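Since the structure comes first, as structure tokens, the remarks are kept for the end.
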Amino acid sequence: MTNPIRTRFAPAPTGFLHVGSARTALFNWLFARNCGGEMWLRIEDTNAALKAQAYVDAIIEPLRWLGIDWDSGPHFQSDRLQEYEAAIERLITSGHAYYCNLTAEEVKQKAESSGLPPGYHGWSRNRSIEDGPGVVVRFRSPDSGTTTVNDLIRGQVHFKNETLEDFVIRRGNGSPTFHLANAVDDHDMGISHVIRGEDLLNTTPRVLLIWEALKYGKPATYAHLPLLVNSKRQKLSKRRDDVALNEYRERGFLPEALVNYLALLGWGPTDGVEIRPLEEIIRLFDLTTVKPGSAFFDRNKLAHFNATYIRSLNPEELAERAEPFLTSGKDRTTDDSGDSRQKNTTQNTDTQDRRRNTDYRNTRVASNSTSPTCKVKSAAAGNVVTTLAADIQQRVTTLSEVPNWVQWILEDTITYDGKAWQKVMLKGHLVVEVLTEVATRISEDSFTSPERIESIVMGVGDELTKRSGVRVLSQAPVRVAVTGTNVGLPLWKPLELLGKDKTLARLSLAIERLRNSNTSNKKSRE
RNA sequence: GCCCCCAUCGUCUAGUGGCCUAGGACGCUGGCCUUUCACGCCAGUAACACGGGUUCGAAUCCCGUUGGGGGUGCCA
């Protein structure tokens, strides 16, 4: 029987899935799927502080959302403590490990006072310390020779054993460290390829040393993926950068867009086609051609991918997937606050991000949707989105922007954008005449098709232009009157959806408002 | 300090000694389309870090320099 290809994704449950971890998971998965192998999921929770079901869910759930599945697991290291203890016992018996009672603080002081470089220098090797509370177990690293990591991406990486210090394999509280658990698990689980971030490359010789001491035979093949970095080319970090995968979901990114984009960070298909179906990516994926240099996580390009994927959705799909963004019980401004937080944390990197988001939010009215009305609203919203899908799709980058374009159809009240009002209504020619005439003709019309509505509105503009000798725009004032602003979807279909009554009501409201401001202007001039 | 990794347009990449006057994509700029905003289409911008080798020939191989990053925990 030949050894099967088997990879593993082994995150530490730290509260959420990091985009870097998601990329690691994805590459493990792509590699396994490409060569007909398996991927196992293992939760690295040897550190007691990391044990909590909520933390585990925070990893598993986003993985599922991305569509990354696994063939076995999740396996928990916290369930395998006996195995680790047995391995530690074997290492002590064989002389590969020994007890040490120095605390981290003492090690630091010793290094300082002895003038040696920082770190532990084998002080307890021959002190014959007995096991006991607070006593750690250290691995006795060889004093000579070389440990070589066979890496599919970087070739052979050599470490001089003399530079490897006697590291801890069991903590003072009795729990194993991840180097030890890694070696034991990868062996016991028959992992053939270890694919992980480059930040772990330096710890690999430790695992290899343990592996050898435990007489496990031929070690796994490694592949250390290039780090994902921010615009300053530093490793993506929780503090500085937007790394929680869930936030991308909440901002309206599509999992397929994220997966497609992530796959291209460090790897690229030879034919240069970037946006393509997952099946093709799986087929073309080749770990050995992964580029070793670090990769900037470019939200701009992600946005482009997302926009492209949104445009490829059919109308029903769009409505379905935008649904959570349209009907969430909370005020939609909550969504914006998420945005602005992000702007604060990364203002140096992505001022560009906002460029695509037409700031089209002045029409927003607080929606205190309770659940019965919520359902009705949801159905109405779904219908609106489905009907206008093609027009919406060209204008959004994320699903969370969908409401911005249709809110005015769904809300009962209207809010005017000050600038738009100023520009179109106050500075336009014959605005009151246009709106009055349009209203009159609409009230006499069946209002049954976008074409009819268009010909009414445009017709009024043409006629007034002829009659007055100046160019009179009619679409713009109608748009402001009805939607509240001067930027929006092609008007005619949405108008039909809004309905004759509401359209007329909004036209008269605008006319009234215009007359009021005119008279007050006159008064103030007198 | 020590150890390790990396280096093609601003960014993600194609490129594995001749097909390279270096291709694609994002971004940016300009144009076309358009009575809003977009989408779409067309065009333009822009790179092999530097210095030595090896070779008839180097973005591709070797060495060095510089620059960047990661690690240096009883985190993973």
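Just so it is clear, the structure is predicted and the values come from calculations on it, not from any experiment. We name chains A, B, ... by the order of the sequence lines, and we start the count at 1 in each one.
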Fill in the blank from the handout: Result for 5'-nearest mapping on RNA chain B, choosing between A:Pro226 and A:His158, is A:His158
Practice task
Could you say whether A:Pro176 or A:Glu165 is positioned toward the 5' end of RNA chain B, judged by the nucleotide with the nearest heavy atom to each?
Solution key: A:Glu165
Practice task
For A:Arg196 and A:Thr204, test the side chains for any donor-to-acceptor distance below 3.5 angstrom and give the result as yes or no.
Solution key: yes
Fill in the blank from the handout: Under a 3.5 Å limit on both distances, the Watson-Crick or wobble mate of B:U72 is B:G1
Fill in the blank from the handout: Paired to B:U16 by Watson-Crick or G-U wobble criteria (both distances under 3.5 Å) is none
Exercise for the section: Could you check whether A:Asn161 gets within reach of a base, just the sugar-phosphate, or nothing at all, counting any heavy atom under 4.0 Å? Expected result: nothing
Handout entry: Nearest-nucleotide pick for A:Pro490, side chain only, options being B:C26, B:U36, B:U11
Key = B:U36
Practice task
Could you tell me whether the side chain of A:Glu274 has a donor or acceptor atom within less than 3.5 Å of a complementary atom in the base of B:G24?
Solution key: yes
Practice task
Select base, sugar-phosphate, or nothing to describe what A:Arg471 touches, counting heavy atoms under 4.0 Å on all strands.
Solution key: base
Handout entry: Identity of whatever pairs with B:C41 - Watson-Crick or G-U, under 3.5 angstrom
Key = B:G31
Practice task
Could you tell me whether A:Arg170 and A:Asp131 make a salt bridge, using a distance below 4.0 angstrom between a side-chain N and a carboxylate O?
Solution key: yes
Exercise for the section: Tell me whether the OP1 or OP2 atom of B:C4 has a side-chain N or O from A:Lys160 closer than 4.0 Å. Expected result: no
Problem - Presence of A:Lys291 side-chain N/O under 4.0 Å of B:U13 phosphate oxygens OP1/OP2 - result: yes
Problem - A:Ser294 side-chain N/O to B:G68 phosphate OP1/OP2 under 4.0 Å - result: no
Handout entry: Any A:Arg276 side-chain N or O less than 4.0 Å from OP1/OP2 of B:A25
Key = no
Practice task
Classify the side chain of A:Arg154 versus the base of B:C5 as yes if they form a donor-acceptor pair under 3.5 Å and no if they do not.
Solution key: no
Exercise for the section: Just call it for A:Gly197: base, sugar-phosphate, or nothing, with non-hydrogen atoms closer than 4.0 Å on any strand. Expected result: nothing
Practice task
Please tell me which of the listed nucleotides, B:U36, B:G1, B:A76, lies nearest to the side chain of A:Arg395?
Solution key: B:U36
Problem - Side-chain donor-acceptor pair present, A:Asn260, A:Tyr309, cut-off under 3.5 Å - result: yes
Problem - Residues A:Arg154, A:Glu198: salt bridge by 4.0 Å N-O rule - result: yes
